[in-house]
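Hydrogens, waters and symmetry mates are skipped; everything else that's a heavy atom, side chains included, is used.
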Amino acid sequence: MPRRPAPVTGPERDRRTAVKAWWHREHPLAHAPRDHPGAGPAAPVDRTEQSAMLDVTLIRQHPDQVRAGLRKRGVDADIPAFLVLDTEFRAARGAVERLRGERRRISAEIAARRRTEAPADGLRAEAGELVGRLTEAEAGLAALAARRQEFLDALPNLPDEDVPAGGKENNEVVRVVGDPPAFGFPARDHVRLAEDLGLIDYRRGTALAGNGHWIYRGEGAALEWALLNHFLDAHRRAGYEFVLPPHLLTYEAGYTAGQFPKFADEVYRVDDRFLLPTAETALVNLHRGETLDERELPRRYVAYTPCYRRESGSHRTAERGTLRGHQFNKVELFQFARPQDSHDAHVELLARARELVAGLGLHHRVTRLAAGDTSPAQARTCDVEVWLPSLGAYAEVSSVSNAREYQARRGGIRYRPAGGGKAAYVHTLNASGLATSRLVPAILEQHQREDGTVTVPEVLRRWGLPEVLGPARP
């Protein structure tokens with residue numbers, strides 16, 4: 001007999017179980033925002049019926065295909081054991097449904113006999129015995145459903161066929177734009193440039209909030225704000241609807257995004273909420289539990305938020321300054337699209353990110369991520385990476401991803417075909433458009449001048465910046 005399905009085992013499985021149990025024990029409302037006063041259309045999804053993050057029919061009919069896809073990520077899920085569990089679950093559900101039907105039949109017959117004053121003692125005894133059987137059967141079904149759901153919750157998305165197998169060592173560079181800048185002088189790194197020009201105050205940022213925090217000051221703050229304004233203006237002109245979402249979200253929002261339960265202990269919790277790690281987590285939930293009209297698709301949104309993450313950098317050169325921190329600014333793009341349109345939507349999102357980086361005059365490249373380096377919720381991801389001369393390496397400033405129907409299944413987000421027919425799941429796509437905490441270092445380093453000043457990209461000067469960033473006045 002196959003062993004019980006367990007995509008994760010040992011300490012990792014115990015950690016995830018403990019995190020999820022802690023969250024719901026400490027915050028019983030976290031999984032039920034419908035009960036909150038003023039709760040809107042983004043209702044929690046009933047996962048008794050909405051249970052599959054991957055299509056269960058696909059798992060049943062093509063188990064080898066599913067296992068092969070997961071193995072590209074380095075995940076060896078016990079699909080045969082799941083199929084045994086799934087068969088037991090469906091049999092138990094059928095048994096419960098039959099018992100409930102029998103209960104309805106007996107209740108109706110008792111009611112009919114009551115109206116005619118006919119004796120019903122035998123039926124009442126039968127009903128009493130049936131209640132015990134049904135209670136036992138429902139408890140068994142609930143236990144099977146919990147095990148089945150635990151397995152499905154832990155499964156990542158299947159990577160697209162053309163996504164390379166393996167980890168980041170198998171990422172593929174698909175485009176290189178421009179050449180690395182060649183300096184005829186000793187180049188400075190972004191931390192020194194930012195400090196010498198009075199753009200970023202690392203010391204006081206650490207004093208205020210601890211490691212992984214900084215303060216933009218003077219022209220540094222103006223540069224940061226100019227980047228955000230430039231990005232938002234470009235996306236709004238392209239037809240994206242501007243959204244300013246809440247920064248505190250419910251557990252259900254993290255679940256729909258595919259970040260929970262696996263990463264539930266890697267966010268900042270505030271009571272029964274968490275601070276969003278990216279605006280994607282909010283935007284994917286805009287239509288949770290809704291069925292959209294096909295004629296309204298694609299829905300295209302752009303949001304600005306700070307991003308809050310417990311991970312941060314170290315004192316290593318590759319993570320100094322603003323390259324990695326607990327809070328950074330990002331403009332996020334998001335689309336809800338028809339399945340047949342999602343490939344083109346991904347191409348369009350990637351083009352938007354590339355054009356913004358190119359418009360800043362930065363040498364960069366585009367990398368297609370291997371399956372193991374792609375976020376668990378995504379079927380494919382391409383990164384746009386800028387060159388940092390001080391590191392002799394590239395740093396990601398935009399991840400452009402297609403989740404296909406994975407997030408829509410978790411959130412119950414469908415669309416109804418314009419010509420009628422059964423509702424289908426939308427495809428969800430997201431892209432950084434762009435994140436600033438690595439763009440600022442790239443601008444400083446790639447556009448630095450011999451005298452220690454920095455040339456401001458022309459597209460940003462309309463936002464009140466000078467042509468050249470010089471030392472701050474005392």
Side-chain angles (χ1 to χ4, degrees), residues 186-232 244 246-248 266-270 274-279 304-332 360 362 386 388-391 393 395-397 432 434-449 451-457 460-461 463-474:
R188 300 166 175 83
D189 67 46
H190 61 97
V191 174
R192 179 181 171 187
L193 286 163
E195 290 180 328
D196 288 350
L197 299 177
L199 305 177
I200 301 176
D201 193 332
Y202 303 106
R203 182 178 64 82
R204 289 185 176 87
T206 300
L208 264 62
N211 290 331
H213 296 273
W214 55 84
I215 300 172
Y216 293 108
R217 300 186 63 170
E219 297 289 21
L223 174 61
E224 175 80 357
W225 214 240
L227 285 166
L228 297 171
N229 276 316
H230 174 57
F231 301 154
L232 289 168
L244 289 174
H247 295 189
L248 285 169
E266 296 183 12
V267 296
Y268 286 109
R269 301 191 194 100
V270 182
F274 68 96
L275 285 167
L276 52 74
T278 167
Y304 157 68
T305 65
C307 301
Y308 307 94
R309 301 187 182 181
R310 291 182 64 182
E311 63 173 4
S312 70
S314 66
H315 293 291
R316 294 189 300 117
T317 301
E319 297 181 351
R320 292 178 62 222
T322 64
L323 292 180
R324 187 179 294 272
H326 292 300
Q327 177 184 326
F328 59 92
N329 293 317
K330 182 156 68 82
V331 172
E332 184 78 7
L360 296 171
L362 298 174
V386 293
L388 289 172
S390 66
L391 303 182
E396 174 257 313
V397 294
S432 312
L434 303 160
T436 60
S437 59
R438 293 174 183 168
L439 271 177
V440 170
I443 289 172
L444 297 181
E445 292 196 8
Q446 291 199 36
H447 293 321
Q448 64 179 294
R449 306 182 349 163
D451 62 358
T453 60
V454 173
T455 301
V456 174
L460 300 180
R461 297 172 197 170
W463 304 104
L465 288 170
E467 182 177 341
V468 176
L469 295 175
R473 295 178 181 176

Rounded distance (nearest 0.5 Å) linking atom [atom1] of [X] with atom [atom2] of [Y]:
{"X": "Leu227", "Y": "Leu360", "atom1": "CG", "atom2": "CG", "answer": "6.5 Å"}
{"X": "Leu275", "Y": "Leu248", "atom1": "CG", "atom2": "CG", "answer": "5.0 Å"}
{"X": "Tyr216", "Y": "Asn329", "atom1": "OH", "atom2": "CG", "answer": "6.5 Å"}
{"X": "Arg438", "Y": "Arg324", "atom1": "CZ", "atom2": "CZ", "answer": "5.5 Å"}
{"X": "Ile443", "Y": "Leu199", "atom1": "CD1", "atom2": "CG", "answer": "11.0 Å"}
{"X": "Thr322", "Y": "Trp214", "atom1": "OG1", "atom2": "CH2", "answer": "5.0 Å"}

Looking only at heavy atoms, what is the nearest atom pair of [X] and [Y], with distance?
{"X": "Ser432", "Y": "Ala435", "answer": "CB-N, 4.2 Å"}
{"X": "Thr305", "Y": "Ala279", "answer": "OG1-CB, 3.6 Å"}
{"X": "Thr453", "Y": "Pro471", "answer": "CG2-CD, 4.3 Å"}
{"X": "Arg461", "Y": "Pro466", "answer": "CG-O, 4.0 Å"}
{"X": "Leu434", "Y": "Phe231", "answer": "N-CD1, 3.5 Å"}
{"X": "Ala222", "Y": "Leu465", "answer": "CB-CD2, 3.7 Å"}

- Gln448 side-chain N/O to Arg188 backbone N/O, donor-acceptor pair under 3.5 Å: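 A pair under 3.5 Å: yes.
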- Message: Looking at His190 and Ser390, would you say the former's side chain and the latter's main chain have a donor-acceptor pair under 3.5 Å?
- Response: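 Not confirmed, His190 side chain does not pair with Ser390 backbone.
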- Message: According to salt bridge (Lys or Arg N to Asp or Glu O under 4.0 Å), does anything in residues 219-230 pair up with another residue at least two apart or in another chain? List the pairs.
- Response: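 Counting only pairs at least two positions apart or across chains, no salt bridge (Lys or Arg N to Asp or Glu O under 4.0 Å) contact touches residues 219-230.
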Partners of [X] by salt bridge (Lys or Arg N to Asp or Glu O under 4.0 Å), sequence neighbours excluded?
{"X": "Asp201", "value": "Arg204, Arg217"}
{"X": "Glu445", "value": "none"}
{"X": "Glu195", "value": "none"}

- Message: Suppose we screen for ring pair (Phe, Tyr, Trp, His ring centres under 6.0 Å). Which residues come up paired with His213, at least two apart in sequence or across chains?
- Response: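 If we apply the ring pair (Phe, Tyr, Trp, His ring centres under 6.0 Å) test to His213, skipping adjacent residues, the hits are His326.
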- Message: What I'd like to find out is whether the side chain of Leu362 reaches to under 4.5 Å of the side chain of Val397, using heavy atoms alone.
- Response: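 They are not in contact (no side-chain heavy atoms under 4.5 Å apart), so the answer is no.
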- Item | Those residues that, when tested against Glu332, pass side-chain hydrogen bond (donor to acceptor under 3.5 Å, both in side chains) (two or more places apart) |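 Once residues adjacent in sequence are excluded, the partners of Glu332 under the side-chain hydrogen bond (donor to acceptor under 3.5 Å, both in side chains) criterion are Lys330.
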- How are the rings of His247 and Tyr308 set relative to one another: parallel (under 30°), tilted (30 to 60°) or perpendicular (over 60°)?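 It falls in the tilted class, 30° to 60°.
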